[in-house]
Asker: 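Once you've had a glance at the structure underneath, I'll fire off some questions.
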Amino acid sequence: MNEHRLGTRNPYAGSGSARSPKYSQEIQSQERTDRLRVGNIERTRVTRNHDIIRQWAERRGARPATMPGSEDDGQIRVLRFDFPGYGGAVLRPVDWDEWFATFDARHMHFRYQDRRADGTPSNFNRLERPTREDR
């Protein structure tokens with residue numbers, strides 16, 4: 001087991017994890033809308049495109065948010081989506097411009113999935129900061 005991964009969602013993350021390019025594809029434009037699949041598993045997608053991120057969230061009723069008290073010098077530090085019915089009472093709503101300002105300043109990538117293997121909409125998403133080599 002990789003000791004530095006203890007306490008994370010998947011301590012076994014490795015070449016077969018969602019971070020693997022084998023199971024993800026970077027999406028840079030809205031023109032690429034076909035479903036990306038490996039067998040019965042839909043690939044995760046990765047983008048920095050604001051329009052794609054916003055449309056993905058809005059199709060699910062999700063709104064940009066942050067954790068109260070996570071601000072630093074008036075700037076939000078923790079980015080979240082508030083999905084309806086998922087306990088968003090602890091989240092503080094923010095506007096899209098503020099959310100994307102933090103997203104861009106931190107050079108983040110949005111990893112997401114459109115549909116589950118059974119074809120139903122997926123809320124899977126992860127905001128990731130690339131390593132220095134990825135920038």
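Sequential numbering from 1 along the given sequence is applied to the chain's residues.
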Asker: Using atom types as modelled and distance alone, determine if a side-chain donor or acceptor of T102 lies under 3.5 Å from a backbone N or O of I76.
Answerer: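 Answer holds: yes.
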Asker: Just by modelled atom types, is the E128 backbone N or O under 3.5 Å from a matching donor or acceptor in the R111 side chain?
Answerer: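 Not confirmed, R111 side chain does not pair with E128 backbone.
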Asker: Any carboxylate oxygen within less than 4.0 angstrom of a Lys/Arg side-chain nitrogen, looking at D82 and R92?
Answerer: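 No, D82 and R92 are not salt-bridged.
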Asker: Can you name the closest pair of heavy atoms from H107 and R48 and give their distance?
Answerer: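 Closest approach of H107 to R48: C-NH1, 3.3 Å.
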Asker: Any side-chain heavy atom of N123 sitting closer than 4.5 Å to one from Y86?
Answerer: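 Yes, side chains in contact.
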Asker: Find out whether F81 and L91 are in side-chain contact, i.e. whether some heavy atom of one side chain is under 4.5 Å from a heavy atom of the other.
Answerer: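 F81 vs L91: side chains apart.
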Asker: Near E71 CD, under 6.0 Å, is it more than 12 heavy atoms from other residues, nucleotides or ligands?
Answerer: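 Atom CD in E71 is packed in, count exceeds 12.
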Asker: Atom CG in L79, atom CZ in F100: separation rounded to 0.5 Å?
Answerer: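 With rounding to 0.5 Å, CG (L79) is 9.5 Å from CZ (F100).
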Asker: What closest approach, in Å, do P84 and G61 show between heavy atoms, and which atom pair accounts for it?
Answerer: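 Heavy atoms of P84 and G61 come nearest at CD-O, 3.3 Å.
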Asker: Treating T66 as the side-chain partner and V78 as the backbone partner, does any N or O pair qualify as donor plus acceptor under 3.5 Å?
Answerer: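 The answer is yes, because a donor-acceptor pair under 3.5 Å joins these two groups.
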Asker: Can a donor-acceptor pair be found, under 3.5 Å and without considering hydrogens, that links the side chain of W99 to the backbone of R63?
Answerer: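 It does not hold such a pair.
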Asker: Check the pair T120, R115 against side chain to side chain contact (heavy atoms under 4.5 Å, CB included), reporting the backbone distance first and the verdict last.
Answerer: CA-CA 5 Å; T120 60; R115 300 208 171 269; 5.7 Å; no
Asker: Determine the minimum heavy-atom distance between P130 and M108, stating which atoms define it.
Answerer: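 What the structure gives for the nearest pair is CD-CA, 4.4 Å.
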Asker: Under the side-chain hydrogen bond (donor to acceptor under 3.5 Å, both in side chains) test against E58, which residue among R60, Q55, R54 passes?
Answerer: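 Running side-chain hydrogen bond (donor to acceptor under 3.5 Å, both in side chains) over R60, Q55, R54 with E58 returns exactly one hit, R54.
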Asker: Decide yes or no for L127 and F103: does some side-chain heavy atom of the first lie under 4.5 Å from some side-chain heavy atom of the second?
Answerer: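 Touching, per the 4.5 Å side-chain cut-off.
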Asker: May I ask you to decide if Q75's main-chain N or O and D72's side chain share a donor-acceptor pair within less than 3.5 Å?
Answerer: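 No; judged by distance alone, with no hydrogens or angles, the pair does not exist.
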Asker: F110 versus N125: any side-chain heavy-atom pair under 4.5 Å?
Answerer: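 Heavy-atom side-chain distance check passes, below 4.5 Å.
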Asker: Checking side-chain polar atoms at under 3.5 Å, does T47 have a donor or acceptor matched by the opposite partner on N49?
Answerer: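 Side chains of T47 and N49: no pair found under 3.5 Å.
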Asker: With sequence neighbours left out, write down each residue that passes salt bridge (Lys or Arg N to Asp or Glu O under 4.0 Å) with R77, or none if nothing qualifies.
Answerer: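 R77: no salt bridge (Lys or Arg N to Asp or Glu O under 4.0 Å) contacts found.
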